[in-house]
Visitor: 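Just dropping this structure here.
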Amino acid sequence: NYLLDTYPCKLDTVDLSDRIEFEDGGEQYYISSKDNLKPFLENGRCTFYKQSTKEFLLEMIWTQLSEGEKYDFVYIDASHEPDDVMIDAVLSFELLKQNGLIIFDDYGWGNCKVGIDCFLETHRDYLNHHLDKFTNYQMIVEKTKDLV
């Protein structure tokens, strides 16, 4: 919501569910992505995709690369399994414009770091690491060039 409230941008968001339920102090609560994004979904500035990130990214590579459209910015915060994080990063890299940014969430949490570090190592010649901007478990990288 911050990006949509602050910048004249368009956002694609992907999640397996549009509603997360949890309990706190014996009370049931839920958070709904679609409810939070409702004004932006209605005015066309946001599109919600209810599917896995892998499915979404593969579909976008197929359609967007053929149309020459790529993203300026990708925020990765889905599965925390190293393989899933690495796959999301590799697929996102293909959809990212040169000088575009990828922000990884949860870098220091669980095994996310393993998948992120694997991506950083395999793509080191195509990225600038912004380690000085590493805060609150987030890693920022900039795509400097496409894979050959």
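Below, all heavy atoms of this structure are taken into account, side chains as well, without hydrogens, waters or symmetry copies.
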Visitor: Return the CG to NZ distance between Asp146 and Lys97, rounded to the nearest 0.5 Å.
Guide: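 Atom-to-atom, Asp146:CG and Lys97:NZ are 12.5 Å apart.
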
Visitor: Report yes if the side chains of Thr63 and Glu69 come closer than 4.5 Å at any heavy-atom pair, otherwise no.
Guide: no

Visitor: Without swapping roles, check the side chain of Asn36 against the backbone of Asn1 for a donor-acceptor pair under 3.5 Å.
Guide: no

Visitor: Mind listing the closest non-hydrogen atom pair of Lys34 and Leu41 along with its distance?
Guide: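 So the minimum-distance heavy-atom pair works out to O-CD1, 3.7 Å.
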
Visitor: Would Glu142 and Asn99 satisfy side-chain contact (heavy atoms from CB on, under 4.5 Å), going step by step from the backbone distance to the final call?
Guide: CA-CA 6 Å; Glu142 177 185 8; Asn99 302 114; 3.1 Å; yes

Visitor: How long is the gap from OH on Tyr75 to CG on Leu101, to the nearest 0.5 Å?
Guide: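 Separation between the atoms: 13.0 Å.
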
Visitor: Taking the side chain as every heavy atom from C-beta outward, state whether Val74 and Leu95 have any pair of such atoms under 4.5 Å apart.
Guide: no

Visitor: Go through the steps to decide whether Thr13 and Ser33 satisfy the test side-chain contact (heavy atoms from CB on, under 4.5 Å), and finish with yes or no.
Guide: CA-CA 9 Å; Thr13 187; Ser33 298; 5.9 Å; no

Visitor: Could you report the tightest heavy-atom contact between Ile76 and Ser92, atom names first, then the distance?
Guide: CD1-OG, 3.9 Å

Visitor: Is a donor on one side and an acceptor on the other found under 3.5 Å between the side chain of Thr122 and the backbone of Phe119?
Guide: yes

Visitor: With side chains defined as the heavy atoms from C-beta onward, is the minimum distance between His123 and Ile102 less than 4.5 Å?
Guide: no

Visitor: Any side-chain heavy atom of Leu4 within less than 4.5 Å of one from Leu37?
Guide: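 Of all side-chain heavy-atom pairs linking Leu37 with Leu4, at least one is under 4.5 Å.
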
Visitor: Can you tell me how far apart CG (Leu127) and CZ (Phe93) are? Round to the nearest 0.5 Å.
Guide: 5.5 Å

Visitor: At their closest point, which heavy atom of Met86 faces which heavy atom of Cys118, and how far apart are they?
Guide: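 The pair with the smallest heavy-atom distance is SD-SG, 3.1 Å.
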
Visitor: Between the side chain of Arg45 and the main-chain N/O of Cys9, is any donor-acceptor distance below 3.5 Å?
Guide: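 Checking the backbone N and O of Cys9 against the side chain of Arg45, a donor-acceptor pair under 3.5 Å is found.
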
Visitor: Above 12 or not: heavy atoms from other molecules or residues under 6.0 Å from NZ of Lys54?
Guide: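 No - once you tally the heavy atoms of other residues, nucleotides and ligands closer than 6.0 Å, there are 12 at most.
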
Visitor: Would you say Val90 and Leu147 are hydrophobically clustered, going by side-chain heavy atoms of ILVMFWY under 4.5 Å?
Guide: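 Yes, Val90 connects to Leu147 through the hydrophobic network.
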
Visitor: Check whether more than 12 heavy atoms from other residues, nucleotides or ligands sit under 6.0 Å from atom NZ of Lys38, and answer yes or no.
Guide: no

Visitor: Could you give all pairs that pass the salt bridge (Lys or Arg N to Asp or Glu O under 4.0 Å) test and reach residues 74-92, with sequence neighbours left out?
Guide: none

Visitor: Without swapping roles, check the side chain of Gln98 against the backbone of Thr144 for a donor-acceptor pair under 3.5 Å.
Guide: yes

Visitor: Rounded to the nearest 0.5 Å, how far apart are CZ of Arg124 and CG of Asp117?
Guide: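 Atom-to-atom, Arg124:CZ and Asp117:CG are 12.5 Å apart.
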
Visitor: Hey, what do you get for CG (Asn111) to CG (Asp106), rounding to the nearest 0.5 Å?
Guide: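 Nearest 0.5 Å value for the CG-CG distance: 12.0 Å.
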
Visitor: Are Leu96 and Leu58 connected into the same hydrophobic cluster when the rule is that any two of I, L, V, M, F, W, Y join if their side-chain heavy atoms are below 4.5 Å apart?
Guide: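 Per the 4.5 Å side-chain linkage, Leu58 and Leu96 are co-clustered.
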
Visitor: In the single-linkage hydrophobic clustering (I, L, V, M, F, W, Y; side-chain heavy atoms under 4.5 Å), do Ile103 and Leu3 co-cluster?
Guide: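 They do share one cluster, since a chain of ILVMFWY contacts under 4.5 Å joins Ile103 to Leu3.
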
Visitor: Going by ring-ring contact (aromatic ring centres under 6.0 Å, His included), name the residues that satisfy it together with Phe48, two or more places apart in sequence or in a different chain.
Guide: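 Counting only residues at least two positions away or on another chain, Phe48 forms no ring-ring contact (aromatic ring centres under 6.0 Å, His included).
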
Visitor: Identify, with sequence neighbours excluded, every residue that meets ring-ring contact (aromatic ring centres under 6.0 Å, His included) alongside Phe40.
Guide: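 Phe40 satisfies ring-ring contact (aromatic ring centres under 6.0 Å, His included) with no residue once adjacent residues are dropped.
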
Visitor: How far apart are the closest heavy atoms of Tyr107 and Lys113, and which atoms are they?
Guide: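 Of all heavy-atom pairs spanning Tyr107 and Lys113, the closest is O-CB, 3.0 Å.
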
Visitor: His80 vs Val85, test: side-chain contact (heavy atoms from CB on, under 4.5 Å). Steps then yes/no.
Guide: CA-CA 6 Å; His80 296 104; Val85 174; 5.5 Å; no

Visitor: Could you give me the CA-CA distance, side-chain angles and deciding distance for Tyr71 and Met60, then say whether side-chain contact (heavy atoms from CB on, under 4.5 Å) is met?
Guide: CA-CA 10 Å; Tyr71 288 100; Met60 296 310 282; 3.4 Å; yes

Visitor: To the nearest 0.5 Å, what is the distance between CG (Leu11) and CZ (Phe73)?
Guide: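 Result: 8.5 Å between the selected atoms.
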
Visitor: For the residue pair Tyr2 and Tyr7, does the interplanar ring angle fall in the parallel (under 30°), tilted (30 to 60°) or perpendicular (over 60°) class?
Guide: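 Perpendicular.
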
